[in-house]
Protein chains: 2
Amino acid sequence: MRSTDVGSDSIAGMADRKRGIAGSATLDDLDRALVAALQADGRESFRNIARRLNVAEGTIRNRYERLSDAGVLDVVGVTNPLALGFDAMAMVGVKTSGRPQQVAEALSGMEEVSYVVIVAGQFDLLVEVVCTDHAHLLEMTERLRALDGIVTTDTFVYLKLARQSFEHGQLPRR
Amino acid sequence: MRSTDVGSDSIAGMADRKRGIAGSATLDDLDRALVAALQADGRESFRNIARRLNVAEGTIRNRYERLSDAGVLDVVGVTNPLALGFDAMAMVGVKTSGRPQQVAEALSGMEEVSYVVIVAGQFDLLVEVVCTDHAHLLEMTERLRALDGIVTTDTFVYLKLARQSFEHGQLPRR
DNA sequence: TCCTTCATTGCGGTTTGCGTACCCACACCC
DNA sequence: GGGTGTGGGTACGCAAACCGCAATGAAGGA
């Protein structure tokens with residue numbers, strides 16, 4: 001009955017589609033195609049996407065809501081802050097004494113912090129901060145260093161943003 | 001006649017609104033409000049935004065197209081790759097021998113590379129790569145090291161993405 | 001087998017997107 | 001001054017898209 005051009009064969013029924021623990025959802029071919037479509041153009045109409053993928057518009061709408069609620073997909077306006085008046089961005093490498101997770105949560109609450117990732121290597125955390133000017137950045141790094149659980153910080157001031165992409169090639173199957 | 005709630009006083013006429021060189025656009029209050037709206041929800045209808053900001057829908061549409069064409073704003077679907085089956089992300093600190101700009105351009109062409117920024121500090125470039133698994137990541141870093149103009153690389157493997165935000169607080173005036 | 005669950009579909013009423021025409025302010029030039 | 005051009009905002013109408021809802025059908029369990 002249904003036939004999508006997304007995968008090689010039918011994906012109907014979604015019987016094989018289950019969600020694991022939060023943060024590790026399982027996507028089928030249709031989900032992947034939807035994600036890819038919105039990565040290319042976040043404002044493409046659901047009807048149009050539905051036509052291309054050979055399903056009903058309501059299906060796309062449902063899938064979108066589900067992915068969105070699950071925190072897997074989010075359609076947002078992105079900018080290049082440096083082209084917008086934020087004249088001091090930086091990546092800060094942080095070494096922590098306690099659990100990095102805890103420090104990461106504290107950092108995530110700060111307005112200037114746009115990106116926090118727990119990493120393995122010379123640092124425990126990488127933190128991207130967006131400031132209006134150098135004075136603001138200085139004040140920000142001082143606030144960081146004062147935080148509980150933070151041992152050292154290394155600041156890399158952004159000179160130029162050369163690429164910012166949200167399409168990650170072929171989505172792997174699960 | 002026109003009255004927006006965006007700024008303190010009228011922004012009519014836009015006489016004061018000019019664009020500088022590419023990459024350094026000047027935004028007025030209405031632009032900033034539009035950007036903020038789409039940062040919060042990239043699929044909100046233009047009509048709805050227009051109502052909130054007390055302008056005609058066509059105005060929002062025009063502004064959006066202009067910002068989009070200027071490369072200042074882009075509405076896209078963003079995901080957490082780690083929650084999507086890409087099991088090996090990393091930030092790579094790169095030291096270059098020649099001009100970083102040139103290396104940055106070469107890197108930007110690679111599919112696995114999602115983010116490239118020229119920085120000041122211990123590294124010349126920060127490069128984010130998105131790979132499907134560790135084997136892929138290993139192969140990728142080897143390809144990096146072989147690139148002309150790259151002296152050393154330091155790889156920070158992502159363990160967990162703790163925060164990913166695209167709203168950067170109050171947009172500074174220009 | 002019957003029943004329950006759940007994703008998908010089809011269908012209307014309402015809302016939005018988009019092309020077009022018109023208006024106004026400003027700048028420039030003869 | 002009058003004429004002309006340009007850029008941005010507004011008004012309007014129609015095709016298209018969004019949204020809620022009831023119906024359908026497949027899968028799984030008792």
Side-chain angles (χ1 to χ4, degrees), chain A residues 1-7 9-20 25-35 37-38 40-70 72-75 77 174, chain B residues 1-7 9-20 22 25-35 37-38 40-70 72-77 174:
Chain A
M1 196 104 300
R2 256 170 76 245
S3 76
T4 75
D5 299 328
V6 176
D9 43 16
S10 168
I11 58 170
M14 314 277 338
D16 58 303
R17 190 157 143 289
K18 295 155 195 158
R19 310 215 154 280
T26 305
L27 309 195
D28 64 9
D29 289 330
L30 184 56
D31 287 325
R32 277 190 283 269
L34 171 56
V35 168
L38 291 176
D41 174 8
R43 289 191 72 89
E44 182 176 4
S45 77
F46 288 155
R47 260 198 154 75
N48 209 37
I49 296 173
R51 265 193 300 267
R52 288 198 288 108
L53 301 180
N54 280 95
V55 292
E57 177 242 334
T59 301
I60 295 297
R61 203 166 1 118
N62 290 340
R63 297 295 190 108
Y64 172 76
E65 192 183 355
R66 213 175 308 138
L67 291 172
S68 190
D69 288 349
V72 173
L73 173 66
D74 198 10
V75 175
R174 278 280 189 105
Chain B
M1 198 102 300
R2 256 170 75 247
S3 75
T4 74
D5 299 330
V6 175
D9 43 18
S10 168
I11 57 171
M14 315 276 342
D16 57 303
R17 191 156 143 290
K18 295 154 195 157
R19 312 216 151 279
T26 306
L27 310 194
D28 66 8
D29 289 329
L30 184 55
D31 287 326
R32 278 190 283 269
L34 172 56
V35 167
L38 292 176
D41 174 9
R43 289 192 72 89
E44 183 176 6
S45 76
F46 287 157
R47 263 195 158 80
N48 209 36
I49 296 174
R51 265 194 299 269
R52 286 200 288 109
L53 301 180
N54 280 95
V55 293
E57 176 243 334
T59 301
I60 295 297
R61 211 183 334 139
N62 290 340
R63 296 296 190 106
Y64 172 76
E65 192 184 357
R66 215 174 305 139
L67 291 172
S68 188
D69 289 348
V72 174
L73 174 65
D74 198 10
V75 175
V76 296
R174 278 278 189 106

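Numbered from 1 within each chain, the chains take letters A, B, ... in sequence-line order.
- B/R43 places a side-chain N or O within donor-acceptor distance of the main-chain N or O of A/E44, the cut-off being under 3.5 Å.
- Rounded to an integer number of Å, the gap from CD1 of A/I60 to C1' of D/dC19 is 15 Å.
- We find that CG of B/N54 is positioned 14 Å from C1' of D/dT10, with the value rounded to whole Å.
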Next item on the list: Take nucleotides 17-25 of chain C nucleotide by nucleotide from the 5' end and write B, S or -, depending on whether a protein heavy atom sits under 4.0 Å from the base, only from the sugar-phosphate, or from neither.
Entry: BBB------
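- Between A/D41 atom CG and D/dA17 atom P the separation is 13 Å, expressed in whole Å.
- A salt bridge (Lys or Arg N to Asp or Glu O under 4.0 Å) with A/R63 is found for one member of A/D69, A/D28, A/D29 and no other, namely A/D28.
- Contact annotation: A/T59 does not reach the phosphate of C/dA7 (side-chain N/O to OP1 or OP2, under 4.0 Å).
- In this structure, B/D28 atom CG and D/dG7 atom P are separated by 17 Å, rounded to whole Å.
- Counting only heavy atoms from C-beta outward, the side chains of A/T59 and A/L30 approach each other to under 4.5 Å.
- Atom CD of A/E65 is separated from atom P of D/dC19 by 9 Å (rounded to the nearest Å).
- Separating the CZ atom of A/R51 from the C1' atom of D/dA17 is a distance of 9 Å, rounded to the nearest angstrom.
- Atom CG of residue A/L34 and atom CG of residue A/N62 lie 11.0 Å apart, to the nearest 0.5 angstrom.
- Note: B/L38 CG to B/Y64 OH = 7.0 Å, rounded to the nearest 0.5 Å.
- The CZ-C1' distance, from A/R63 to C/dA7, rounds to 8 Å in whole Å.
- The salt bridge (Lys or Arg N to Asp or Glu O under 4.0 Å) test applied to A/R51 returns no partner, not counting sequence neighbours.
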